[in-house]
Amino acid sequence: MSRALILMYHQVATPASAQEHRFCTPPGDFVRQMQHLASAFAPVTLDRMLAGLRGEAPLPERAVHVTFDDGFTGVLEHAAPVLAGLSIPATLYAVSGRLGLSNDWMARRGFPERPLMTAAQLRELESAGFVIGSHTHSHARLTEIGAARVAQEVGASRRELEDALGKAVQHFAYPYGLHDEAVRAAVVEAGYASACSTVSGFNRRGEDVFRLRRIDVFGTDRLWQFKQKLRFGRNESSRLFALQYYAGRAAARLRPH
């Protein structure tokens with residue numbers, strides 16, 4: 001295994017506004033993206049990917065894992081059936097203090113208010129093949145609050161989700177991708193096995209499993225953009241970048257050695 005990808009989604013639904021569209025993938029687009037993933041990549045569970053990154057087990061070439069942040073009900077309604085039909089494992093990072101409520105941290109910034117899953121819906125999602133992880137208690141900006149509150153946001157969220165699910169919660173994702181050494185240490189101290197960032201790129205053997213890289217799939221991405229993101233391991237996509245990349249490789253082959 002040379003490198004592995006983790007994809008990051010938020011909502012899967014029909015966008016309710018232009019502002020929301022970046023974080024909201026239309027269901028038809030999601031279907032086409034997952035069909036490509038199933039045909040051209042090797043979807044694996046997060047635990048299997050972690051074992052590969054730690055050098056404990058081999059991973060297939062083009063290994064990929066799908067994740068969702070926040071816990072929107074659209075993931076259960078629109079994404080889960082598609083993933084189950086294609087045998088693609090996934091992880092959802094839930095905001096434990098907002099179960100059955102809404103995305104208030106986004107609504108305060110003018111985004112449409114969307115419902116978040118209840119504890120019962122999380123259990124239903126889990127029965128459909130998802131792993132449930134933590135995205136803090138309140139979607140806090142962890143690098144901007146004190147150490148005591150960081151510990152509460154990280155630790156309480158794990159306990160609350162474990163109570164809701166009746167099983168251990170092992171994985172974490174930093175809200176907004178915000179983390180530093182102190183925040184990372186708090187996640188380790190709380191007993192998690194991994195944490196996802198929002199830094200783009202491929203994950204390679206020896207990667208810090210508490211700073212896993214993810215590719216941000218935008219709701220506005222066309223299929224060619226989605227494919228390009230997976231090919232190059234970067235959040236941004238453009239036809240010019242691909243041309244420049246291949247032109248650079250061709251020029252390098254022509255240089256004398």
Side-chain angles (χ1 to χ4, degrees), residues 1-15 20-50 52-53 58-93 125 128-131 133 171 173 177 196-204 207 212-247 249:
M1 185 271 302
S2 58
R3 58 191 189 182
L5 284 168
I6 301 175
L7 307 185
M8 175 175 62
Y9 289 87
H10 291 83
Q11 172 73 296
V12 180
T14 301
E20 183 187 51
H21 198 175
R22 179 183 173 101
F23 302 100
C24 187
T25 300
D29 291 346
F30 184 77
V31 169
R32 288 183 284 275
Q33 290 169 3
M34 293 304 100
Q35 288 173 336
H36 173 69
L37 209 65
S39 65
F41 286 79
V44 297
T45 65
L46 183 56
D47 284 337
R48 186 178 176 194
M49 182 175 288
L50 291 171
L53 296 177
L59 271 180
E61 289 297 319
R62 299 167 76 83
V64 65
H65 185 67
V66 178
T67 69
F68 300 83
D69 285 3
D70 304 329
F72 291 104
T73 57
V75 176
L76 177 62
E77 180 181 357
H78 300 294
V82 175
L83 295 169
L86 294 169
S87 299
I88 298 176
T91 298
L92 180 134
Y93 298 102
L125 190 70
F130 273 68
V131 168
H171 307 294
C196 278
S197 73
T198 58
V199 176
S200 65
F202 294 101
N203 294 288
R204 294 177 169 83
E207 196 82 34
L212 293 170
R213 299 172 181 271
R214 290 193 290 177
I215 304 301
D216 195 350
V217 182
F218 306 148
T220 52
D221 284 342
R222 302 196 174 207
L223 186 59
W224 72 263
Q225 293 173 303
F226 176 78
K227 291 179 178 180
Q228 189 182 100
K229 286 183 172 189
L230 269 60
R231 180 172 182 79
F232 296 111
R234 63 197 303 267
N235 286 343
E236 302 304 325
S237 58
S238 73
R239 297 192 188 280
L240 179 60
F241 171 79
L243 289 172
Q244 291 173 332
Y245 174 83
Y246 289 116
R249 291 191 62 178

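Every value quoted in this text rests on a predicted model; they were computed, and no experiment measured them.
Between Q33 and T25, the closest heavy-atom pair is OE1-CG2, 4.2 Å. Of all the heavy atoms in V12 and P27, the pair that sits closest is CG1-CA, 4.1 Å. Annotation for T91 and Y93: closest pair CG2-CZ, 3.7 Å, computed over non-hydrogen atoms. Taking every heavy atom of both residues into account, D29 and G219 meet most closely at OD2-O, 4.3 Å. For the residue pair L5 and G201, the shortest heavy atom distance occurs at CD2-O, 4.2 Å. Heavy atoms only, all atoms of each residue included: M34 and L83 are closest at SD-CD2, 3.6 Å.
Between L92 and L125 the shortest side-chain heavy-atom distance falls below 4.5 Å. For the pair P26 and T14, the minimum side-chain heavy-atom distance is 4.5 Å or more. Side-chain contact between V44 and P60 is present, with at least one heavy-atom pair separated by less than 4.5 Å. Residues L37 and L230 meet the side-chain proximity criterion, which asks for heavy atoms closer than 4.5 Å. Residues T67 and L7 have side chains not in contact (no heavy-atom distance under 4.5 Å, counting atoms from C-beta outward). Between M49 and P89, the closest side-chain pair of non-hydrogen atoms is not below 4.5 Å. In this structure, L212 and L50 have side chains that are in contact, with non-hydrogen atoms separated by less than 4.5 Å.
Considering R214, R213, R3 as possible partners of E207, the one that fulfils the salt bridge (charged side-chain N to carboxylate O under 4.0 Å, His left out) test is R213.
Atoms CG and CD, from D70 and Q11 in turn, are 9.0 Å apart once rounded to the nearest 0.5 Å. Within the model, atoms OG1 of T220 and CZ of F23 stand 9.5 Å from one another, a figure rounded to the nearest 0.5 Å. Distance CG/D47 to NE2/H171: 4.0 Å, rounded to 0.5 Å. If you take CZ on R222 and CD on Q225, they are separated by 7.0 Å, rounding to the nearest 0.5 Å. The CZ atom of F218 sits 8.0 Å away from the CE atom of M8 when rounded to the nearest 0.5 Å.
Judged by distance alone, with hydrogens and angles left aside, the side-chain atoms of R234 form a donor-acceptor pair with the main-chain N or O of E236 at under 3.5 Å. Looking only at distances, no side-chain donor or acceptor of D221 sits under 3.5 Å from a matching main-chain atom of F226. The main-chain N or O of I6 is never found under 3.5 Å from a side-chain atom of H65 such that the two would form a donor-acceptor pair. Remark: side-chain polar atoms of H78 are not paired, donor with acceptor, to backbone N or O of A13 under 3.5 angstrom.
Ring-plane geometry between F130 and F68 is classed as tilted, the angle between the planes lying from 30 to 60 degrees on a 0 to 90 degree scale.
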